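Just so it is clear: chains get the letters A, B, ... in the order the sequence lines come, proteins before strands, and each one is counted from 1. Here the structure is a predicted model, which is why all the values come from computation and not from measurement. Any value given below was found using the heavy atoms of this structure, including those in side chains, with hydrogens, waters and symmetry copies removed.
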Amino acid sequence: MPSRPVVTRFAPSPTGFLHIGGARTALFNQLYARHTGGTFLLRIEDTDRQRSTEPAVAAIFEGLSWLGVTPDAEPVFQHSRADRHREAVMDLLAAGHAYRCYMTVEELEIERERARAEGRAIRSVWRDRTSNSPDAPHVIRFRGPLEGETVINDLVKGRIVYQNIELDDLVLLRTDGAPTYNLAVVVDDHDMGVTHVIRGDDHVNNAARQTLIYQAFGWEVPAMGHIPLIHGPDGAKLSKRHGAQAVGEFADMGYLPEAMRNYLARLGWGHGDDEIFSDAQAVEWFDVADVVRSPARLDWAKLAFINAHYIKLADNERLAALVSDVLIHRGEKPHADLSARLPDLIGLLKEGAKTTLDIADSLGFIAKTRPLALDAKTAGLLTDETRARLARLGQSLAKVEFTRESLEPAIRAFSESEGVGIGKFGQALRGVMSGGSPAPDLATTLASLGKDEALGRLNDALGLSS
RNA sequence: GCGCCCUUCGUCUAUCGGUUAGGACACCAGAUUUUCAUUCUGGGAAGAGGAGUUCGACUCUCCUAGGGCGUACCA
């Protein structure tokens with residue numbers, strides 16, 4: 001294992017959005033680098049020019065920066081290093097660790113079936129043969145050992161042994177001269193000085209093949225750790241029907257990046273009984289060796305719980321900007337005066353919110369304009385007796401400062417002076433204030449409306465002029 | 001088919017040969033209460049199955065079952 005300063009890297013392929021599992025892999029890489037005082041790098045694996053897209057690259061950058069998992073250096077684009085990759089393959093060719101293979105797709109198909117029947121991996125007939133017309137279309141394959149075994153001392157899974165006969169002679173250079181992934185990762189990780197390869201479980205099989213390539217080059221093999229995938233709540237592979245896969249979707253659903261980081265870190269990794277922890281604590285505690293071996297399922301309820309926690313902690317100005325975006329996105333752009341009050345309102349309303357979308361929802365009753373249409377339930381509550389009581393309440397509240405702290409005791413005092421429980425008029429008052437829409441507790445509802453608006457709504461409902 | 005990996009409450013996890021198997025989310029009940037929510041208190045809930053090793057296994061080994069990943073001129 002390398003004894004140099006730690007260098008980790010996240011190496012996604014830009015063929016789609018940034019998957020939540022990939023985001024966690026990136027997080028783990030960054031945490032480990034920070035924990036060891038090392039460096040965290042980003043490399044875009046775009047050797048397949050057909051499948052790689054610009055929007056996908058943008059989505060990765062955007063997703064990572066939203067999550068707050070950004071590399072310590074400029075990202076490397078793998079395809080820009082194609083010349084270096086080809087050069088490396090030529091070295092392998094010269095050293096006899098690779099060979100030119102002229103198999104046609106048909107022949108390959110036959111060999112594939114034969115190999116399968118014999119229970120071994122693909123080997124080309126060109127392994128020990130040279131062509132009379134060396135310039136004919138061909139790929140360059142790795143010449144893997146036929147015997148022996150390759151051992152991976154996986155940082156999370158432990159010792160994994162592969163029989164070399166099971167490992168195929170993989171293609172290093174395609175017919176068009178383009179390098180393949182398995183060759184490019186090895187060359188790039190080596191050139192970038194990567195000491196610890198922390199990646200998804202779906203790459204374990206490649207670990208052995210890549211180890212062989214490192215050895216052929218005579219390079220030091222980096223430490224590797226394969227982290228389990230994230231599954232949907234039902235245990236199946238995460239897909240659209242589970243609600244979300246892309247980090248961008250989580251952002252749109254009103255989750256905070258720090259909540260995502262906390263939740264993701266806790267998914268598949270743990271530090272004793274700690275559930276909620278800061279980024280600094282995560283860095284202090286994290287170790288790849290402590291990553292859990294088995295795949296984890298996404299649990300929306302727990303994510304919501306953690307998000308609610310971070311919403312309570314979040315700065316109201318910041319939340320206001322987020323909520324405002326939600327409102328605009330919904331086509332409910334808040335008026336200037338509402339905008340100005342947003343931070344204060346959010347301070348009052350964020351208590352039970354699980355997402356910023358919830359906060360936006362809770363703003364609904366405030367945004368209504370007078371006179372409010374009352375729902376049937378509220379209308380039914382407005383008996384003559386209650387109307388009279390609400391009128392008296394209005395008079396006494398007119399003398400009160402409209403803050404939650406002042407309103408709370410004021411309402412209680414009124415209830416006592418009337419000699420009835422709050423239940424006798426509370427429901428009706430809430431209905432009059434909100435028109436029947438969901439609203440928080442009385443004091444908070446009144447405070448968030450403000451004195452003028454609140455008393456105005458009350459007078460509207462009682463048929464009084466304000 | 002073959003190879004590799006995984007398997008503790010519903011979920012995320014702790015335990016790293018000796019524990020009443022702990023915590024969190026969720027759930028249920030009770031308390032508080034001006035709706036919902038919040039808050040508080042309490043509760044139910046787990047070592048896939050079978051063989052070993054051992055004085056003693058959730059912890060170690062093997063088998064079975066189930067699940068995942070891979071098996072590309074994708075990454």
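- Within the 4.0 angstrom heavy-atom criterion, only backbone atoms of the sugar-phosphate kind lie near Arg112(A); the bases stay farther away.
- Contact annotation for Val185(A): no contact, since no heavy-atom pair falls under 4.0 Å across all strands.
- When the options Trp126(A), Tyr99(A), Tyr102(A) are evaluated for a ring-ring contact (aromatic ring centres under 6.0 Å, His included) with His138(A), the one that passes is Tyr102(A).
- Between Glu111(A) and Arg120(A) there is a salt bridge, with a side-chain nitrogen of the basic residue lying less than 4.0 Å from a carboxylate oxygen of the acidic one.
- To the nearest angstrom, P of C5(B) lies 11 Å from CZ of Arg293(A).
- Within 4.0 Å (heavy atoms only), Pro440(A) reaches at least one base atom of the nucleic acid.
- Taking for each of Asp201(A) and His138(A) the nucleotide of RNA chain B with the nearest heavy atom, the 5'-most of the two is the partner of Asp201(A).
- Within a 6.0 Å sphere centred on NZ of Lys424(A), other residues, nucleotides and ligands contribute 12 heavy atoms or fewer.
- Figure legend. G70(B) is base-paired to C2(B); pairs are counted as Watson-Crick or G-U wobble with both atom distances under 3.5 Å.
- As judged by a 4.0 angstrom heavy-atom cut-off over every strand, Ala353(A) is placed among residues making no nucleic acid contact.
- Counting to the nearest Å, the P atom of C12(B) and the CG atom of Asn262(A) are 17 Å from each other.
- One C1' atom belongs to G50(B), the other to A65(B), and the distance between them is 10 Å to the nearest Å.
- Checking C6(B), C73(B), U34(B) against the side-chain heavy atoms of Thr175(A) singles out C73(B) as nearest.
- Taking atom CZ on Arg199(A) and atom P on C4(B), their separation rounds to 18 Å, with Å as the unit.
- Relative to the side chain of Pro295(A), the nucleotides G23(B), G68(B), C6(B) differ in distance, and C6(B) lies closest.
- Arg430(A) has no side-chain polar atom (N or O) that falls below the 4.0 Å cut-off from OP1 or OP2 of U34(B).
- Using P as the reference atom, U64(B) and G70(B) are 24 Å apart when rounded to the nearest Å.
- Nucleotides G52(B) and G68(B) place their P atoms 32 Å apart, quoted to the nearest Å.
- No contact: Leu170(A) has no heavy atom under 4.0 Å from any strand.
- Atom CZ of Arg159(A) and atom P of C4(B) are 13 Å apart (whole Å).
- Here the separation of G23(B) from U32(B), taken at their C1' atoms, is 26 Å to the nearest Å.
- The phosphate of A75(B) (OP1 or OP2) has no side-chain N or O of Ser52(A) nearer than 4.0 angstrom.
- Residue Arg297(A) is classed as a sugar-phosphate contact, given heavy-atom separations below 4.0 Å to backbone atoms only.
- Salt-bridge annotation for Glu87(A) and Arg84(A): present, with a side-chain N of the basic residue lying under 4.0 Å from a carboxylate O of the acidic one.
- Nearest nucleotide to the Asp299(A) side chain, out of U39(B), G10(B), C69(B): G10(B).
- Close placement of the Phe286(A) and Phe28(A) rings is indicated, their centers lying within 6.0 Å of each other.
- Nucleotide C28(B) forms a pair with G42(B), judged by Watson-Crick or G-U wobble geometry with both contacts under 3.5 Å.
- For the C1' atom pair drawn from A26(B) and A46(B), the interatomic distance equals 15 Å after rounding to whole Å.
- A21(B) and C4(B) are spaced 31 Å apart, taking the C1' atom of each and rounding to whole Å.
- C60(B) sits 47 Å from U39(B) when the C1' atoms are compared, rounded to a whole Å.
- Among the protein residues, Ile160(A) comes within range of the sugar-phosphate backbone only, with heavy atoms under 4.0 Å from sugar or phosphate atoms but none that close to a base.
- U19(B) makes up no base pair with any nucleotide shown, lacking Watson-Crick or G-U wobble contacts both under 3.5 Å.
- Residue Asp202(A) places its side chain closer to G70(B) than to any other of C25(B), G70(B), U7(B).
- Between the CD1 atom of Ile230(A) and the P atom of C69(B) there is a distance of 14 Å, given to the nearest Å.
- Pair assignment for U7(B) gives A65(B), based on Watson-Crick or G-U wobble hydrogen-bonding distances that are each under 3.5 Å.
- The distance from atom NZ of Lys157(A) to atom P of G70(B) is 13 Å, rounded to the nearest whole Å.
- Comparing the P positions of G43(B) and G22(B) gives a spacing of 12 Å, expressed to the nearest Å.
- If you check every strand for non-hydrogen atoms under 4.0 Å, Gly268(A) touches sugar and phosphate atoms only.
- Following rounding to the nearest Å, Lys377(A) (NZ) and U34(B) (C1') show an atom-to-atom distance of 11 Å.
- Note: His271(A) and Trp285(A) have parallel aromatic rings, judged against thresholds of 30 and 60 degrees for the angle between ring planes.
- The listed nucleotides are A75(B), A24(B), U13(B); the one nearest the side chain of His203(A) is A75(B).
- Residue contacts for Asn206(A): at a heavy-atom cut-off of 4.0 Å it reaches a base atom on one of the strands shown.
- At U13(B), none of the side-chain N or O atoms of Arg266(A) fall inside 4.0 Å of OP1 or OP2 (strictly under the cut-off).
- For Leu267(A), taking side-chain heavy atoms from C-beta onward, the closest of the listed nucleotides C12(B), C73(B), A75(B) is C12(B).
- Asp441(A) comes within 4.0 angstrom of a base, heavy atoms only.
- Contacts of Phe425(A) with the nucleic acid, taken as non-hydrogen atoms under 4.0 Å apart, are absent.
- Considering only side-chain atoms of Asp273(A), the nucleotide from C69(B), G23(B), A75(B) that sits closest is G23(B).
- Ionic pairing of Asp441(A) and Arg430(A) is not present here: no N-O contact between side-chain nitrogen and carboxylate oxygen is shorter than 4.0 angstrom.
- A pairwise comparison of heavy atoms in Leu449(A) and Met433(A) identifies CD2-SD, 3.7 Å as the closest pair.
- Looking at heavy-atom distances under 4.0 Å, Val171(A) makes contact with sugar-phosphate atoms alone, never a base.
- Contacts of Glu118(A) with the nucleic acid, taken as non-hydrogen atoms under 4.0 Å apart, are absent.
- A centroid separation of less than 6.0 Å is found between the aromatic rings of Phe414(A) and Phe425(A).
- The partner of A57(B), taking Watson-Crick or G-U wobble pairs whose two distances both stay under 3.5 Å, does not exist in any strand shown.
- In this structure, the CG atom of Asp358(A) is 11 Å from the P atom of U38(B), given to the nearest Å.
- Comparing C73(B), G23(B), A75(B) by their closest approach to the side chain of Gln78(A) singles out A75(B).
- Salt bridge Asp191(A)/Arg81(A): present, at least one basic N to carboxylate O contact under 4.0 Å.
- Here C25(B) is the nucleotide among U71(B), C25(B), A75(B) with the atom lying nearest to any side-chain atom of Ala301(A).
- If you check every strand for non-hydrogen atoms under 4.0 Å, Val292(A) touches sugar and phosphate atoms only.
- Each of Gly270(A) and Glu166(A) was assigned the nucleotide of RNA chain B with the nearest heavy atom; the assignment lying further toward the 5' end belongs to Glu166(A).
- The side chain of His231(A) lies closest to G68(B) when the candidates are G68(B), A75(B), A24(B).
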